[in-house]
Amino acid sequence: MNDHPANLAGQVEPGAADLEAATRRLMTALDALESAVERRREADRDEDELATRIQALGADRSRLADELDGSLMKTRRLERTNREIAERLDAAIGTIRAVLNGGEQDGAEGDAEDDEHDDDEDDE
């Protein structure tokens, strides 16, 4: 009878050791799972942060594209206005030259008429 409880005690110890080893493996697996979950949470946070940054970049891109379109339109208007002003200046310069040249011709004709008047006076 004494042997029998000893065998049970011997059998209990290996079972307890197996239970202890299984518990350690379970704890290790739970730690690994917890680490994997934490890494996944960090990856999700990083992914969310990246998505937020991409969305902000998209908004910035749209804003910059609108500003560029506005600047291009303004540049085209300025170029058109510049051409119109240049044409008007050319026309004004042409008019001024014509007036000045006309004045010189009138002055030259006036001198010729004066010479004629002088000749007439000499004849008298």
Side-chain angles (χ1 to χ4, degrees):
M1 280 202 214
N2 286 343
D3 289 338
H4 199 275
N7 284 342
L8 286 178
Q11 288 175 358
V12 171
E13 281 185 29
D18 289 343
L19 185 58
E20 180 80 21
T23 302
R24 274 185 262 143
R25 286 194 309 270
L26 179 60
M27 293 303 284
T28 302
L30 287 174
D31 288 342
L33 179 61
E34 187 176 326
S35 295
V37 167
E38 186 59 33
R39 283 192 306 272
R40 180 60 188 195
R41 283 183 187 158
E42 287 177 22
D44 287 347
R45 275 188 295 238
D46 290 345
E47 191 175 306
D48 290 345
E49 184 179 324
L50 183 59
T52 301
R53 286 183 181 179
I54 289 171
Q55 186 175 11
L57 287 173
D60 285 347
R61 183 197 168 284
S62 293
R63 181 182 53 80
L64 290 172
D66 289 343
E67 287 179 14
L68 179 61
D69 288 344
S71 294
L72 287 173
M73 286 179 11
K74 194 182 263 185
T75 299
R76 288 182 184 133
R77 278 195 313 264
L78 288 172
E79 287 173 349
R80 192 173 333 119
T81 302
N82 189 31
R83 275 193 306 274
E84 290 173 6
I85 290 171
E87 289 171 3
R88 289 179 184 178
L89 283 172
D90 287 342
I93 290 170
T95 302
I96 291 169
R97 282 188 179 148
V99 167
L100 291 176
N101 289 340
E104 288 176 8
Q105 289 175 355
D106 289 343
E109 289 175 8
D111 288 344
E113 288 177 12
D114 288 343
D115 289 343
E116 287 178 16
H117 289 286
D118 289 342
D119 289 340
D120 290 338
E121 289 174 4
D122 289 340
D123 291 337
E124 292 176 8

Kindly compute the distance separating [atom1] ([X]) from [atom2] ([Y]), expressed to the nearest 0.5 Å.
| X | Y | atom1 | atom2 | answer |
| --- | --- | --- | --- | --- |
| R40 | L33 | CZ | CG | 13.5 Å |
| R77 | L72 | CZ | CG | 11.0 Å |
| D18 | T23 | CG | OG1 | 10.5 Å |
| L68 | M73 | CG | CE | 11.5 Å |
| R25 | L30 | CZ | CG | 12.5 Å |
| I85 | L78 | CD1 | CG | 9.5 Å |

**Fill in**
side chain to side chain contact (heavy atoms under 4.5 Å, CB included) test vs L50 passes for just one of T52, I54, D46, namely I54
**Asked** Taking NZ, NE, NH1 and NH2 as the nitrogens, is one of them in E49 or R53 under 4.0 Å from a carboxylate oxygen of the other?
**Response**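 Salt bridge flag = yes for R53 with E49.
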**Message:** Tell me whether R45 is salt-bridged to E38, with the criterion being a basic N under 4.0 Å from an acidic carboxylate O.
**Reply:** yes
**Prompt:** Just wondering, more than 12 heavy atoms not from Q55 lying within 6.0 Å of its CD?
**Reply:**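 No.
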**Asked** Above 12 or not: heavy atoms from other molecules or residues under 6.0 Å from CZ of R63?
**Response**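 Correct, the count exceeds 12.
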